[in-house]
2 protein chains.
Amino acid sequence: MPQTSIREVAKRAGVSVGTVSNVLNRPDLVAEATRDRVRAAIEELGFVRNESARRLRRGPERTAGEFGDQPRRAFGVVVEDLTNPYATDVARGAEAALNASGHDALWLSSDYSAAKERRSLELLEEQRAAGVLIIPVDLSARDISGLRTAGMSVVLIDRHTPDVCSAQVDHVAGGEIAAAHLLGIGRERIAFVTGVPEPEPCVERRDGASRTITEAGSAKPATLIQDAMSPTEGQAAAHQLLELSPRPDGVFCANDLLAIGLINELTRLGIRVPEDIAVIGYDDIELAASAAVPLTTIRQPRRELGWEAAELAMAELGEGKSHQHRQVVLRPELVIRESA
Amino acid sequence: MPQTSIREVAKRAGVSVGTVSNVLNRPDLVAEATRDRVRAAIEELGFVRNESARRLRRGPERTAGEFGDQPRRAFGVVVEDLTNPYATDVARGAEAALNASGHDALWLSSDYSAAKERRSLELLEEQRAAGVLIIPVDLSARDISGLRTAGMSVVLIDRHTPDVCSAQVDHVAGGEIAAAHLLGIGRERIAFVTGVPEPEPCVERRDGASRTITEAGSAKPATLIQDAMSPTEGQAAAHQLLELSPRPDGVFCANDLLAIGLINELTRLGIRVPEDIAVIGYDDIELAASAAVPLTTIRQPRRELGWEAAELAMAELGEGKSHQHRQVVLRPELVIRESA
DNA sequence: AGCGTAGCTTGAAACGATTCACGATCTTCG
DNA sequence: CGAAGATCGTGAATCGTTTCAAGCTACGCT
């Protein structure tokens with residue numbers, strides 16, 4: 001007895017399969033007595049509708065917005081690293097938007113691997129998810145158009161190409177703001193700390209910062225490249241930093257985790273932050289405010305970013321053919337605390 | 001034209017549908033020339049197999065371990081909070097084990113809400129996932145048996161009941177170890193900091209610690225309950241702590257995030273850690289080692305925990321009827337750094 | 001030539017739900 | 001009393017895939 005099907009429920013309740021289906025999908029079409037009988041049968045048999053069959057029959061989800069109940073759909077949220085608070089915040093924003101509209105979010109992580117990324121997309125495609133929100137690691141146009149022909153909406157986060165919807169933060173501006181702040185508090189020898197693989201947005205931050213700095217007439221910033229963007233690597237960066245000559249008096253870290261590790265180690269080595277070296281992070285994760293030296297940082301509107309991305313995805317789904325790809329760009333914001 | 005189906009591919013390649021299916025599933029049965037022709041047709045048409053139909057036909061996945069290619073399946077990993085490094089580490093451990101066996105992980109978050117938790121389970125059930133690994137918020141036996149009859153394997157993480165597989169850490173022991181350490185370094189007035197909603201495991205840690213302390217003849221520890229288990233709340237706890245009289249000289253925090261926030265705030269208020277107040281955390285998250293005051297803590301083998309859970313789930317799936325529920329219990333470990 | 005075999009291919013029968021054109025009853029009202 | 005609606009139910013057709021018994025060739029062997 002492989003599975004309880006609608007047919008057995010029908011037999012048990014003494015009705016036809018069509019009626020059971022109606023109880024499931026349009027209960028108002030069924031007389032109360034019958035409905036109860038069917039429900040009881042469902043209960044007793046522990047019946048669960050086979051979503052595969054349902055979807056097979058239904059085909060590409062109807063244009064939504066029909067009368068009555070919304071078609072609850074699943075969207076995939078693919079991020080590079082579920083351990084990174086930045087990524088999880090973005091994803092939570094997306095999930096919130098999705099939930100608010102009665103949809104669901106499935107999280108997948110690509111772990112910075114193009115292969116895992118591709119596999120995740122495949123999985124979503126096989127499951128016939130409604131759409132994907134993705135912080136891409138290495139997405140080709142081909143992958144995307146594949147998804148598209150499978151009828152899924154695709155939204156890029158933190159990256160963009162003309163023929164897909166995307167939501168991103170203006171990282172160049174973020175870099176500029178950070179550099180301008182460092183310059184503004186009188187720092188002249190600025191270093192940049194980042195990690196490999198260096199995500200596109202970090203490159204942009206770096207470019208923005210670099211330009212601002214050289215345009216202001218200061219020396220091109222030294223760049224310290226670590227193995228990852230974690231606090232541990234930030235610690236390591238502290239030592240490298242002190243070996244630089246001339247020793248920098250301002251540091252711009254590609255993310256807060258690096259900054260926190262860096263500051264902690266610097267403090268332990270007797271260097272005062274911000275007096276000796278000012279440090280500015282990027283992201284404004286929760287920990288930034290309650291760090292030993294509260295971190296000055298660039299806040300990304302991450303929840304909003306995820307939220308916007310989800311809105312785009314849902315819109316794309318609703319609009320069908322007439323859809324015009326949109327690119328949302330949010331602006332980051334300087335949060336001044338104590339580290340710079 | 002709703003979707004490219006196997007039939008159109010067949011027509012285009014001039015073969016029967018059965019052959020196309022074979023190319024997809026058992027390529028070795030098909031002559032090379034035909035195979036190439038079919039593959040070309042697939043390519044040209046941008047065909048993607050409709051997973052719903054496939055699954056509908058296949059029915060409950062065969063007992064795996066068949067000849068040839070493994071049936072790649074998706075497992076759901078439901079955690080309470082994807083923002084919590086503890087949870088994500090466990091989930092990553094699970095994902096690693098799953099991937100190692102050629103399966104996939106879908107992450108869902110319940111956000112501490114029983115409703116979302118239930119919804120997540122429903123979703124997984126509808127998608128006919130192979131199994132669920134869950135850190136439960138509020139799971140009734142009924143929910144579980146529902147999942148079970150739907151043919152999914154269920155593994156509880158960090159909680160247990162006799163009739164389900166589970167993997168957990170011995171939290172009582174963890175509490176005992178922490179308390180014993182605090183006692184061992186001469187602390188006498190110990191406080192416990194936790195947050196609501198207080199997960200079962202935290203209660204166990206507290207119990208273990210309490211017992212050890214009272215059995216050693218010290219006063220029952222004061223308990224500070226915060227609104228959450230975050231660094232921000234740890235900060236708040238610092239102030240409450242100082243108002244206690246007698247002022248504690250040792251604190252056991254329910255997790256590292258609380259401990260880090262607490263220590264940072266204490267330091268800012270001029271209290272020395274560990275000299276004035278020793279603080280011990282729980283979890284050993286990455287940040288613990290690189291915190292301003294490197295944190296002494298109880299390490300949970302989180303990756304292993306997730307890994308074991310995944311192994312259990314996969315085993316359950318493979319064993320079918322003959323399955324015996326197993327409960328894996330891992331032992332936590334004291335990591336001495338500087339905060340206590 | 002006759003026969004067995006191996007290697008490919010075929011095509012119809014599932015899988016389990018949804019849909020929809022039709023009946024079957026029951027009301028209501030002229 | 002009879003006809004026109006309402007209101008409910010029915011059950012066959014259908015979605016796209018996999019499965020599998022059966023058919024077809026070509027080949028080797030006696």
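Just so you know, these numbers use all the heavy atoms, side chains as well, and skip hydrogens, waters and symmetry mates. Note that the coordinates shown come from a computational prediction; the quantities given were computed from them, not determined experimentally. Below, chain A is the first sequence line, B the second, and so on; all start at residue 1.
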Next on the checklist: Nearest to the A:Ser16 side chain among C:dC8, D:dT18, D:dG11, which nucleotide is it?
Outcome noted: D:dG11
Checklist entry - Taking 4.0 angstrom as the limit, do A:Arg119 and B:Asp104 come out as a salt bridge? => result yes
Checklist entry - Base, sugar-phosphate, or nothing for B:Val30, non-hydrogen atoms under 4.0 angstrom? => result sugar-phosphate
Checklist entry - Contact class for A:Arg26 (heavy atom, under 4.0 Å): base, sugar-phosphate, or nothing? => result sugar-phosphate
Checklist entry - What integer distance in Å separates A:Asp28:CG from D:dT7:P? => result 12 Å
Item to check | Worked check of salt bridge (Lys or Arg N to Asp or Glu O under 4.0 Å) between B:Glu95 and A:Lys116 | outcome: CA-CA 12 Å; B:Glu95 182 170 34; A:Lys116 268 201 79 178; 2.8 Å; yes
Checklist entry - Taking the nucleotide of DNA chain C with the closest heavy atom to each, which residue, B:Gly14 or B:Ala53, is nearer the 5' end? => result B:Gly14
Checklist entry - Hey, which of these two, B:Ser52 or B:Asn22, hits DNA chain D nearer its 5' end, going by closest nucleotide? => result B:Ser52
Checklist entry - Which whole-number value in Å describes the distance from B:Leu56 CG to C:dG16 P? => result 7 Å
Checklist outcome for this item: Test salt bridge (Lys or Arg N to Asp or Glu O under 4.0 Å), reference B:Glu44, set B:Arg12, B:Arg37, B:Arg39, output is B:Arg12
Next on the checklist: When you measure from the side-chain N and O atoms of A:Arg58 to the phosphate of C:dT19, is any distance below 4.0 Å, counting only OP1 and OP2?
Outcome noted: yes
Checklist entry - Per the atom types in the model, does the base of D:dT17 pair as donor or acceptor with the side chain of B:Arg57 at under 3.5 Å? => result no
Item to check | Ion pair A:Asp111/B:Arg92, N-O distance below 4.0 Å | outcome: yes
Next on the checklist: Taking the nucleotide of DNA chain C with the nearest heavy atom to each, does B:Thr34 or A:Arg54 sit closer to the 5' end?
Outcome noted: B:Thr34
